[in-house]
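Below is one structure; the comments refer to it alone.
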Amino acid sequence: MYTLFPSSILPRPAEQHPFSPVKIKPLNTSFNHSCKLLNSEQNPNCKTIACGVSFHEHSLFLNDDWPQLLQISFGSEDFLLGQAIHGFLMKSGYHKDAFRGNNLVSLYVKFNRLDDAQRVFDEMLERNTISWTSIINGYSQINDVKSVFRMTRYMHKSHEELNEHTCSVILRACESPDEKICGEQIHGFVIKRGFCENVFVATSLVSMYSRSGHLDDAEKLFDDLAYVDVRCLNSMIMEYGNAGYGDKALWVFLELLLIGLEPNDYTFTNLISACSGAIGLEEGRQLHGLAFKRGLVSKISVGNAIITMYGRHGLVEEAESMFREMVERNLVSSTALLSAYVKTGYSHKAVAVFLDILYQGLNLDSNCLACLLDGCSDFKNLDLGLQIHGFVIKLGLVSNVNVGTALIDLYAKCEKLESARLFLDRLSVTNTASFNAILNGFTQIDGEDDEDAMLLFNKFRLTELKPDSVTFSVLLSLFANHAYLDRGTSLHGYAIKTGFEADLTVLNAVITMYAKCGSILDANRVFSGMKEKDSISWNAMVSAHAIHGQGKEAVYLFEKMVNEGFFPDKITILAVLQACSYSGFWSYGVSLFNEMELKYGIKPVLEHFACIVDLLGRARLFPEAMEFINKSPFSDSPFLWRTLVHVCKLCGDLNFGKMASKKLLDLSPRDAGSYILVSNMYAGEGLFDESSRVRTAMNDLKISKEAGCSWIDIDNKIHQFVASSKDHPDSRDIYAKLDLLKRQQQTWFHAHNGVFVCHTSIGHLQAVRLDGSILEYAKDWYDWKFEILVEKW
């Protein structure tokens, strides 16, 4: 357990610092030449007050100098100085002076004190366009969209004209699909007033359409602009990057260079930040070099983007190198490195960076704390997470929606759903991500009451929040894992109703849900109706055919996927290998395995090797399967030997089963599942004494296995059954029916000379006597008829 927060943080020796100290720029508190303050040396009638500034006893400030002092208040983040200026202006009367009132509104907007800003605004007797724009801008900065539109309506009713800057401020608030209508109204006003030629307004319009989910409209508007500058192009690069179109962002950058504009630090910051989708690591490296060549790599925002880019691609050493080379760093720099450590699993380094932030005295923000909490969630380190939670409370950030969501995610992933729900109920401000975090917890905990997830979702629907693609994908995954077809179908309908009928993330989850619930036709119908597909869509449908034993369809779809230009990944190959295994296409599966690295650049992992073992075993090529394991890089993996024992059990090959069992139990002597598998293999072949000995050895080692569980959904009610349990209220009737079926089975056996015909799980047909011995074995059971076999035997 980490001890993060001792009562006092003592200075550490220099060698313990993972990075060189940050050079923090001193605050610029110098006065402008026009600011003529009196001091005690020049005038004996002056005196010094507590804030450290000298004033004349008859006049606190010279009337011409307070604007410069207000700027000093902004730059030094000195709110008390700003309040002192407010006091002076109150005595001199600011209510009838729009210039003084506007500056005071800007003061409180700067410090996010919107209640005070609104109070000053309401007390102003003289207002102008700047007054209204300043207060609207304040609400826009804190994402209070309702207040932005409310003040805009009041401004219009007051017959105050909206200028170009006012339009830009309002457009910045129109960032969601629900607010697009208001944005379009402002767009119409812009056209009517002839503001379209203003590059600042045009840039805000492009951003509004992009962030409200209409990138096509943003592109059309951008292409029609008669004049663009670096700021406008930077904005388009950022919007393409946010939408995941890194290649388009790169084209805008090339256009910027071709028309002779000079890229600045914001250009490289936005472009390097886009190196995560269509453009990746190689382009990011080149942009790093270009920024270095143009002397912009020393800019803090560029350095932070480079650290983030390398961290996103798992290159921790490169991220560390960039961090060390930065002459000036800020909290974002450290947070970017901390995030890189979290993503790559270096938990101890992440904690070291966090402690270094505390040691340097940097003011922590919600992004840094949320990032560290995400690391605790990923590593399931509840002890450290609890300490961070306490620190969050101490800093007064517990009501922050990002930190709150990270805490909910922490408790949910650490299987503390009750704590997660209590914390969610106490949050004053929630968002969709908060609900998604706790819903995701239900999908990760086996045996959790799924009715609670539905109750939580229904509660979520009653709020003003709306589900997003993550909400639907999480719930669809929950229904898929529990085979709740009716609920999954209803949720699919609700997704269509709420406008997600074309969302790729939701449709991919719908395909998987229908496939796991046994409705392969519905899965195929959804897949065929998709206008756009990605690799995940193809993977979902290939996996759907695989789990339904439709090998021919899976192989056909895989080849079609490759022909249409989609590159398979390791999940695609795994699904095809499973399909080949279930359908007996062992030669195709082995061929695909041999060429996956050369042809597709995919290095096989343990699961791919296990598929080949299963494939060879089902083809009854047990010597080849055993040789394959011994020559693989995972020859000591219990998973491969467990797979071989399982397939020997399925095919009834006791000789190889015994050899594989010995190896398996040597490698995993404390695994209950391995003992149960070996015991069942012996019992399946009628060797009950051997099976009993394995069970006895298991009991001697005091190893136990959790009882198996199954369930069925009838009329939207879940009936759960545990092995050997009689807790179900209808257990007496259920077991009576089972006894009846057993007696009917016995009668049927005797009527057909003790022979029972059954399909095996590998697509073969066996005729079995009551003693368990196999009469006849057919590899291609499609050519056999049940009645013919019965008559034959």
Side-chain angles (χ1 to χ4, degrees), residues 1-12 17-19 21-22 24 27 74 76-80 82-83 108-116 141-144 300 304 329-342 347-379 381-414 416 419-420 422-431 433-434 437-438:
M1 172 176 173
Y2 294 103
T3 302
L4 263 185
F5 310 113
S7 57
S8 61
I9 300 176
L10 299 176
R12 296 178 297 177
H17 282 284
F19 305 103
V22 178
I24 302 176
L27 296 175
F74 292 166
S76 61
E77 298 183 0
D78 189 344
F79 182 60
L80 290 178
Q83 286 184 310
Y108 289 111
V109 166
K110 172 70 176 178
F111 289 97
N112 289 328
R113 305 286 288 263
L114 266 298
D115 290 340
D116 294 326
Q141 288 178 5
I142 63 171
N143 297 318
D144 189 348
I300 293 180
N304 294 343
R329 309 181 203 125
N330 56 15
L331 181 63
V332 178
S333 314
S334 299
T335 303
L337 186 62
L338 191 153
S339 177
Y341 287 143
V342 167
S347 58
H348 59 290
K349 289 189 175 183
V351 173
V353 170
F354 183 70
L355 292 175
D356 201 60
I357 293 172
L358 296 178
Y359 181 79
Q360 293 172 20
L362 298 176
N363 292 324
L364 294 168
D365 63 5
S366 59
N367 292 328
C368 179
L369 291 166
C371 180
L372 188 63
L373 286 168
D374 287 340
C376 295
S377 301
D378 293 341
F379 308 138
N381 190 336
L382 184 60
D383 290 336
L384 179 58
L386 288 171
Q387 293 184 63
I388 302 297
H389 189 173
F391 191 53
V392 165
I393 295 172
K394 184 178 180 180
L395 292 176
L397 292 172
V398 73
S399 60
N400 181 275
V401 67
N402 293 329
V403 175
T405 301
L407 283 168
I408 292 170
D409 186 56
L410 166 70
Y411 288 121
K413 287 184 177 177
C414 293
K416 301 292 183 181
S419 298
L422 286 172
F423 189 79
L424 177 67
D425 293 337
R426 292 175 182 175
L427 275 180
S428 57
V429 180
T430 58
N431 59 9
S434 307
I438 194 168

### Task
Ignoring hydrogens and angles, tell me if any N or O in the side chain of S339 forms a donor-acceptor pair with the backbone of T335 under 3.5 Å.
no
### Side-chain touch L397/L364, heavy atoms, less than 4.5 angstrom
no
### Task
Measure the spacing between SG of C414 and CG of D383 and express it to the nearest 0.5 Å.
9.0 Å
### Query
Taking atom CG of D116 and atom CD of Q83, what is their separation to the nearest 0.5 Å?
7.5 Å
### Query
Which pairs count as side chain to side chain donor-acceptor pair (under 3.5 Å) when at least one residue sits in residues 389-404, sequence neighbours excluded?
H389-Y411
### Query
About how many Å separate CG of L114 and CG of N112, when rounded to the nearest 0.5 Å?
7.0 Å
### Query
How far does CG of D409 sit from OG of S434, to the nearest 0.5 angstrom?
10.0 Å
### Side-chain touch F423/I438, heavy atoms, less than 4.5 angstrom
no
#### Entry: Criterion side chain to side chain contact (heavy atoms under 4.5 Å, CB included) against T405, the qualifying member of L424, L427, N431
N431
### Task
For D144, enumerate each residue passing the side-chain hydrogen bond (donor to acceptor under 3.5 Å, both in side chains) test, keeping only those at least two apart in sequence or located in another chain.
S147
Ignoring hydrogens and angles, write down the donor-acceptor pairs under 3.5 Å from the side chains of residues 367-378, residues two or more places apart or on other chains.
{"residue": "S377", "atom": "OG", "partner": "L373", "partner atom": "O", "Å": "3.0"}
{"residue": "S377", "atom": "OG", "partner": "L410", "partner atom": "N", "Å": "3.3"}

### Task
Under the side-chain hydrogen bond (donor to acceptor under 3.5 Å, both in side chains) rule, what do Q360 and D356 come out as? Steps first, then yes or no, please.
CA-CA 6 Å; Q360 293 172 20; D356 201 60; 2.6 Å; yes
### Message
Main chain of N330, side chain of S333: is a donor-acceptor contact present, judged purely on distance under 3.5 Å?
### Response
yes
### Message
If I compare all heavy atoms of A437 with all of A412, which pair ends up nearest, and what's the gap?
### Response
O-CB, 3.7 Å
### Query
Any idea which heavy atoms bring I388 and F354 closest together, and the distance?
CD1-CE2, 4.0 Å
#### Entry: CG/N363: more than 12 non-hydrogen atoms of other groups inside 6.0 Å
no
### Query
Is the number of heavy atoms from other residues, nucleotides or ligands under 6.0 Å of K349 NZ greater than 12?
yes
